[in-house]
Amino acid sequence: MASNAELARIFGEIADVLDLTGANAFRVNAHRKVARLLEESGEDLAGLARTDPARLRELPGVGEGSASKIEEFVRTGRIKEHDDLLATVPAGVPALLGIPGLGPKRVRTLWQEGGVDGVGTLRARLADGSLTGLPGMGPKTLKAIAESLAFLDTTRGRIRLGEAMPIAEAMIAHLRSAGGVKRISHAGSLRRGKETIGDVDIVASAADAARLHAALQSAPGVAKVIASGDTKTSVRTHHGVQVDLRTVDDAQFGAALLYFTGSKEHNVRLRERAQRMGMRLNEYGLFREEPGAEGTPQSRGAVPVAARTEEEVYAVLGLWFVPPELREDHGELDAHPPGDLVDLDSIKAELHCHTTASDGTLEIAGMVEEALRRGFHTIAITDHSRSQAQANGLSIERLREHAARIREVAAHYAKRIAVLAGSEVDILADGTLDYPDDVLAGLDWVVASPHSALRAEPAAATERLMAAVLHPLVHVIGHPTGRIVNAREGLSPDITALAKEAAARKVALEVNANSMRLDLRDAHVRLCVQAGCAVSVNTDAHGAGDFDELRYGVATARRGWLGTGLCINAWTQARLLAFARAKR
Ligand code: DGT
Ligand code: CA
Ligand code: CA
Ligand code: ZN
């Protein structure tokens with residue numbers, strides 16, 4: 001089965017290899033555009049190739065060439081140009097593009113002039129110094145590459161939440177389609193919403209468990225069966241992701257889900273508590289200890305006190321229902337339940353997004369329509385500022401025209417949604433902003449974000465971001481650390497100091513919901529909450545599909561115990577607009 005994701009990967013690889021072999025930029029970009037469309041489209045484009053090839057060709061960026069490649073893939077399961085291109089470079093070379101700091105030009109130099117054919121030789125040659133003196137490879141560049149490699153080592157084997165979730169959902173849908181499923185859920189770190197996932201855990205109960213295990217082994221995208229048994233199957237997908245399925249008796253589904261959701265540390269606390277109460281908790285249920293019955297297998301014979309649902313188990317233990325995102329042994333058992341914990345439904349505003357004016361794919365009205373579809377009451381349009389040349393950042397003059405257009409659109413939609421004319425203004429390396437104050441004062445909404453100089457020392461980073469917090473015209477500090485999950489460490493400012501000042505100045509720190517960013521991260525959100533600092537959860541959308549990433553930002557915010565009171569996106573429109581105006 002051809003999926004959009006699989007096709008996107010192939011078009012992305014075609015673009016990469018074209019880029020590496022010095023093909024013209026137009027051809028490279030054409031393939032990248034199609035890859036992006038495939039990633040973002042909610043429509044099954046391989047299906048479209050079968051049912052309506054004419055419409056496939058009308059999609060933005062899909063010409064005859066790309067359309068016939070998609071058709072070729074649907075017909076034959078491969079694209080000849082893709083295979084031919086891959087044959088022109090050593091197998092390990094395209095992967096070098098995934099190393100932060102290495103673009104096509106540098107990779108080409110490393111490969112053709114430095115004899116580097118993959119990450120292994122790159123590592124060896126960095127170590128033996130033999131890359132010194134290659135064109136464009138000064139000591140600073142080589143040091144940066146070595147640092148990127150060292151950082152990648154720390155992430156080995158874990159994939160981003162935003163990659164794992166769609167894989168898990170597709171797998172669960174496939175298992176459901178096998179029939180007879182009573183209950184099924186993802187579990188583990190994925191259900192807890194962690195930013196990276198070691199493996200995907202699925203717990204299910206079914207009329208015929210064997211059928212489910214068979215279905216997992218033959219699921220689309222499965223490359224290898226690692227282990228198979230009556231109650232547990234593990235497979236590895238083509239993406240290299242391990243998926244574990246456990247099937248349990250439906251009467252014990254809740255206890256199993258609780259156990260396999262973890263975290264291990266949270267479960268230890270639960271078991272200790274159970275013990276103190278004269279009970280025993282395991283993956284089969286919560287059992288009352290019978291005097292003298294020590295050592296009997298708790299799974300058999302004994303009648304569980306609670307096992308059917310997680311809710312029952314927590315209730316019998318005298319606890320509130322701890323949401324999965326909080327199950328990290330960070331004090332959640334003793335906490336007063338924050339009843340107003342943010343959730344997807346509580347988010348009613350998108351306060352950081354882009355349009356075609358900079359590097360987005362939709363016009364202003366398109367973004368507003370999308371926000372309306374999501375049930376939002378407010379959207380701030382915040383395109384890039386002038387320093388972001390590669391993202392088509394706006395000159396002062398273009399910004400003024402853009403703001404005027406946003407206000408026309410705002411007037412048109414005034415009865416249905418508030419549309420704010422804003423900017424995502426760069427926080428430059430010295431802490432100053434990329435537009436003068438009089439320009440910013442003319443906008444309704446200002447997100448200030450660091451995009452460059454992301455290797456600064458912690459003290460310098462704090463000072464730089466603090467300058468933006470102290471700036472009287474700034475509403476939100478966007479993706480404050482600039483990290484990219486699994487790829488770039490970013491800044492390490494003193495979040496507590498920033499949050500304290502931000503709380504005093506009524507500035508919000510962002511949780512950028514894009515699963516590549518999740519910045520601030522969960523632990524930082526917790527520090528904000530402790531400092532009483534407002535937090536803004538935004539998708540930073542560059543197109544309609546990006547709004548779907550909101551759930552990852554919400555999961556991160558929940559992991560940081562963010563309540564709706566401190567989340568400006570969850571406020572009423574009146575309260576949010578008053579917050580916006582207070583800075584003008
Ligand atoms: P990951 O996959 O590394 O992102 O993290 P988890 O939390 O998903 O860990 P994983 O997949 O090893 O196991 C899933 C859950 O199952 C884990 O959170 C708790 C439970 N679990 C697994 N193995 C053990 C174990 O040996 N002892 C205990 N107490 N719990 C376990
Ligand atoms: Ca796991
Ligand atoms: Ca696992
Ligand atoms: Zn940004």
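Atoms within a ligand are numbered from 1 in the order they appear, just like the ligands themselves. Counting from 1, the numbers follow the sequence of the chain as shown. These numbers come from a predicted model, not from an experiment.
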Query - Heavy-atom protein neighbour under 4.0 angstrom from atom 9 (O) of ligand 1 - result: no
Query raised in the report: What part of Ser189, side chain, backbone, both or neither, has a heavy atom within less than 4.0 angstrom of ligand 1?
Result: both
Query raised in the report: Under 4.0 Å from atom 14 (C) of ligand 1, do we find at least one protein heavy atom?
Result: yes
Requested in this report: Please determine if the Zn ion (ligand 4) has an N/O/S atom from Glu424 lying under 2.8 Å away.
Outcome: yes
Query raised in the report: Within His352, is some N, O or S atom less than 2.8 Å away from the Zn ion (ligand 4)?
Result: no
Report task. With the Ca ion (ligand 3) as the centre, enumerate protein N/O/S atoms below 3.0 Å in chain and residue order. Result -> Asp199 OD1, Asp199 OD2, Asp201 OD1, Asp244 OD2
Query raised in the report: When you look for heavy atoms under 4.0 Å from ligand 1, do you find them on the side chain of Asp201, its backbone, both, or neither?
Result: side chain
Query raised in the report: Does Phe321 have Arg327 sitting over its ring (NZ/CZ under 6.0 Å from centre, angle to axis within 45°)?
Result: yes
Requested in this report: Kindly say whether Ala214 contributes a backbone atom to a donor-acceptor pair with the side chain of Ser218 at under 3.5 angstrom?
Outcome: yes
Query raised in the report: What part of Leu190, side chain, backbone, both or neither, has a heavy atom within less than 4.0 angstrom of ligand 1?
Result: neither
Query raised in the report: Among protein heavy atoms, which lies nearest atom 19 (C) of ligand 1, and at what distance?
Result: Tyr259 O, 3.5 Å
Report task. Return a yes/no value for Gly198: is any of its N or O atoms, backbone included, closer than 3.5 angstrom to an N or O of ligand 1? Result -> yes
